[in-house]
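Letters go in sequence order (proteins before strands), and every chain restarts at 1.
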Amino acid sequence: MDAFAVFRNRVEEKLINLFPELSDNKQALSRFVVEPPRDASHGDLSCNAAMVLSKVLKSNPRAIAEKLVAEFANDEQVEKIDVAGPGFINFTLTPDVWQSVIADANKQGADYGRPEVAPVGKVNVEYVSANPTGPLHVGHTRGAVFGDALASLMDFCRYDITREYYINDAGGQITVLANSAYLRYCEALGDDIGEIPAGLYPGKYLIPVGQALAEKFGDSLKSMDETERETTIRPVVLELMMDLVRDDLKKLGIKHDLFFSEASLHGGGNGGDIKETLDWLGEEGLVYQGTLEAPKGKTPEDWEDREQTLFKASDFGDDTDRALVKSDGTYTYFAADIAYHRNKYLRGFNSQIVVLGADHAGYIKRLSAAGKAVSGGEAEVDVKICQLVNLLRNGEPAKMSKRSGNFVTMAQLVDEVGADVVRFIMLFRRNEAQLDFDFDLVTQQTRENPVFYVQYAHARACSAFRNAARDVPELDVSLEALQKADLSKLSHPAEISLLKTMGQFPRAIEAAAAAHEPHRVAFYVHELAAAFHAFWTKGKEEPQLRFVNHEDRTITLARLAMVNAVRQILRNGLSILGVSAPEELS
RNA sequence: GGUCCCGUAGCUCAACUGGAUAGAGCAGCUGACUUCUAAUCAGCAGGUUGCAGGUUCGAGUCCUGCCGGGAUCGCCA
């Protein structure tokens, strides 16, 4: 059981008993929380219901609190309850509540921390969505890890999740890509191509693409006219580039359920494509011909008023209306984006999360406007912006290879420091805060390195079992035996304190998922690791707190049950983050 | 000029979406290894949460206006 959730339910129940008028005021009831007090001396749980509801109940908070407290007089799990400050209700629970965390974690295993009921509705998480014109670089990495962890987190919390990658395969950059690849194809056939002309992609990653084209087509491409050639090689090159992207993502353990092609929105006709969407918006009266005002303060030199097809984005909270059709008659990128969001809505996603890079900050309003417009207000678009990552070496900005066409790729990053480090560090910050990634720090094996610190806690927990096997080999420490341990032995303040930290896992996870903030999981496992390290060291000062007690097998078993639960919770948390939990560190 | 993000200890960052005395790590100082890996831990010190107002029982968090840093700004994607 999750003590916080359980007691929240009890408080709600008693409130309705005391104040029947609340029973049809779900909104008011949803506002109070049961949470750990900041100051542990206030007790185990703190509830603000009396204060939150005082206005609705037209009564003063302390009076409401007193009534509630009386209701808990006979609750066997409440050791102490009182009213404090302006009307907080503070609970101190009996030790068995916290001890039961161990039993739960050991029994539920990998499912410990999952909410019992699944939230309603389907959620779409779109992340990476990098242009398929080259390998992924550092800038993509944070968004990739963030999106993946967020999806895992919500998946763990039983949300119905689809992980999606939007392939920008319709724009002019793909033509450039195809031409660049063609040049490499000529090179593969033995031509001297000299310098790569400006405007084409110079990267060496296209060399194997050129070779692949040469193998597939021989020299037949050379005799084609430009248009035919492009339409021939375009899909082939795209597929090769997407293979490259997928290989990069695989190195970080990131996968998607669906790769959605932007180009498919341009032709289709099967519902939710651009034309259909624009027609639909037109019927709704949200499209018109008009001119936009030049931006104030910084009018471009070549600004000219031009009438164009516009979408009434400003009706949905955007700053200005947005162009849908370019002067050459093709659709703008945003037009495709609107169609894409409509497509998602038609596929049943009322919750759409889009993970974007820092340079897309100005895109937030536009996308939520699109989301509202195409769904009649039903779909919610949550745009998560991942801020820049500063690469450092020894505290100095990392000097990257200056050779043209080179940048730090995701693959290089993973090869140098490992996927666990990349993932954890990227998740150990709020997504909207800039992040320093120091190569020297993250490869150290000290407490300064949070990845190591957490993994070490897990490895230590495992080593406790190795030691037990060595010191008390006759003791059965199988999961079955641990589940029979007498947990009431674990009543030392240091133990209760560790158990409380453990017991917060379920609500920490649930809150992180609801807020779309996976970094909280990283902070939680770090906190649990700290609590475990602290308990471990306490065993040095107070030998009776060591896991293995040679005089008392019952307590040894109980302690090991606790260690196993810690290990399990760390694993569950790390697994959400996609970080491994090694049994031993080298 | 508009919009968005950020501003919290000397440094890097938290603060469970409005809760009680704002917390961690690093750097600094003091301690703990014949002991389950000290790869760790305990303690001390460090703050007018950029500034000024407002909302209420209560604000780092919400609203308004400034200051500073970053990003972005009609048909690129």
Next on the checklist: Please list all pairs meeting side-chain hydrogen bond (donor to acceptor under 3.5 Å, both in side chains) that have one or both residues in residues 326-339 of chain A, counting only residues at least two apart or in different chains.
Outcome noted: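 side-chain hydrogen bond (donor to acceptor under 3.5 Å, both in side chains) check on residues 326-339 of chain A returns A:N168-A:Y333, A:D328-A:T330.
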Item to check | Qualifying side-chain hydrogen bond (donor to acceptor under 3.5 Å, both in side chains) pairs, either residue in residues 50-65 of chain A, two or more places apart | outcome: none
Next on the checklist: Both A:R466 and A:K384 contact RNA chain B. Which one's nearest nucleotide lies toward the 5' end?
Outcome noted: A:K384
What pairs with [X] under side-chain hydrogen bond (donor to acceptor under 3.5 Å, both in side chains), at least two apart in sequence or on another chain?
X	answer
A:R507	none
A:D169	A:S261
A:R567	A:N564

Contact class for [X] (heavy atom, under 4.0 Å): base, sugar-phosphate, or nothing?
X	answer
A:G87	nothing
A:P86	base
A:A464	nothing
A:G171	sugar-phosphate
A:I385	nothing
A:N90	base
A:Y453	sugar-phosphate
A:K538	nothing
A:A84	base

Considering only atom [atom1], compute the distance from [N] to [M] and round it to an integer number of Å.
N	M	atom1	answer
B:rA39	B:rC26	P	15 Å
B:rG46	B:rC41	P	23 Å
B:rU49	B:rA15	C1'	11 Å
B:rC6	B:rA45	P	33 Å
B:rG60	B:rA22	C1'	7 Å

Checklist outcome for this item: Taken in chain and number order and not counting sequence neighbours, the residues that satisfy side-chain contact (heavy atoms from CB on, under 4.5 Å) with A:V69 are A:I81, A:V83, A:I89
Considering only side-chain heavy atoms of [X], which listed nucleotide, [options], is closest?
X	options	answer
A:V52	B:rA39, B:rA77, B:rG19	B:rG19
A:I364	B:rG74, B:rC4, B:rA39	B:rC4
A:Y333	B:rC76, B:rC41, B:rC4	B:rC76
A:Q387	B:rU56, B:rC5, B:rA77	B:rC5
A:K365	B:rU3, B:rA77, B:rG19	B:rU3
A:R460	B:rU40, B:rA77, B:rA20	B:rU40

Checklist entry - Which pairs pass salt bridge (Lys or Arg N to Asp or Glu O under 4.0 Å) with one or both residues in residues 545-556 of chain A, sequence neighbours excluded? => result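 Counting only pairs at least two positions apart or across chains, the salt bridge (Lys or Arg N to Asp or Glu O under 4.0 Å) contacts touching residues 545-556 of chain A are A:E474-A:R553.
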Item to check | Where at least one partner belongs to residues 307-316 of chain A, residue pairs that pass salt bridge (Lys or Arg N to Asp or Glu O under 4.0 Å), sequence neighbours excluded | outcome: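 Found none.
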Next on the checklist: Syn or anti for B:rU17? Use the chi torsion, O4'-C1'-N9-C4 for purines and O4'-C1'-N1-C2 for pyrimidines, with syn inside 90° of 0.
Outcome noted: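 Base orientation: syn.
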Next on the checklist: Each nucleotide in nucleotides 9-16 of chain B should get exactly one letter: B, S or -. Can you fill that in based on protein heavy atoms under 4.0 Å?
Outcome noted: ---SSSSB
Tell me: [atom1] of [X] to [atom2] of [N], nearest whole Å?
X	N	atom1	atom2	value
A:W536	B:rA42	CH2	C1'	18 Å
A:Y363	B:rG2	OH	P	23 Å
A:N390	B:rC6	CG	C1'	13 Å

Item to check | side chain to side chain donor-acceptor pair (under 3.5 Å) assessment of A:S129 paired with A:E126 | outcome: CA-CA 7 Å; A:S129 298; A:E126 180 205 331; 2.9 Å; yes
Item to check | Over 12 foreign heavy atoms within 6.0 Å of CD, A:E380 | outcome: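 For A:E380, atom CD is not crowded (no more than 12 foreign heavy atoms under 6.0 Å).
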Checklist entry - Considering residues, nucleotides and ligands other than A:Q27, do more than 12 of their heavy atoms fall under 6.0 Å from its CD? => result no
Checklist entry - With a 3.5 Å cut-off and no angle check, do the side chains of A:T309 and A:Q289 form a donor-acceptor pair? => result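 On atom types as modelled, these side chains qualify, holding a pair under 3.5 Å.
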Item to check | Side-chain donor-acceptor pair present, A:Y288, A:Q308, cut-off under 3.5 Å | outcome: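 No pair is found: no donor N or O on one side chain lies under 3.5 Å from an acceptor on the other.
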Item to check | Dot-bracket line, read 5' to 3' along RNA chain B, where crossing pairs take [ ] and | marks a partner on another strand, Watson-Crick or G-U under 3.5 Å | outcome: (((((((..((((.....[...)))).(((((.......))))).....(((((..]....))))))))))))....
Item to check | Positions of residues 42-50 of chain A (non-hydrogen atom under 4.0 Å from RNA chain B), listed by number | outcome: A:H42, A:S46, A:N48
What N/O pairs connect the protein and nucleotides 24-32 of chain B at under 3.5 Å? Give each pair on its own line.
from, atom 1, to, atom 2, distance (Å)
B:rC26, OP1, A:R447, NE, 3.3

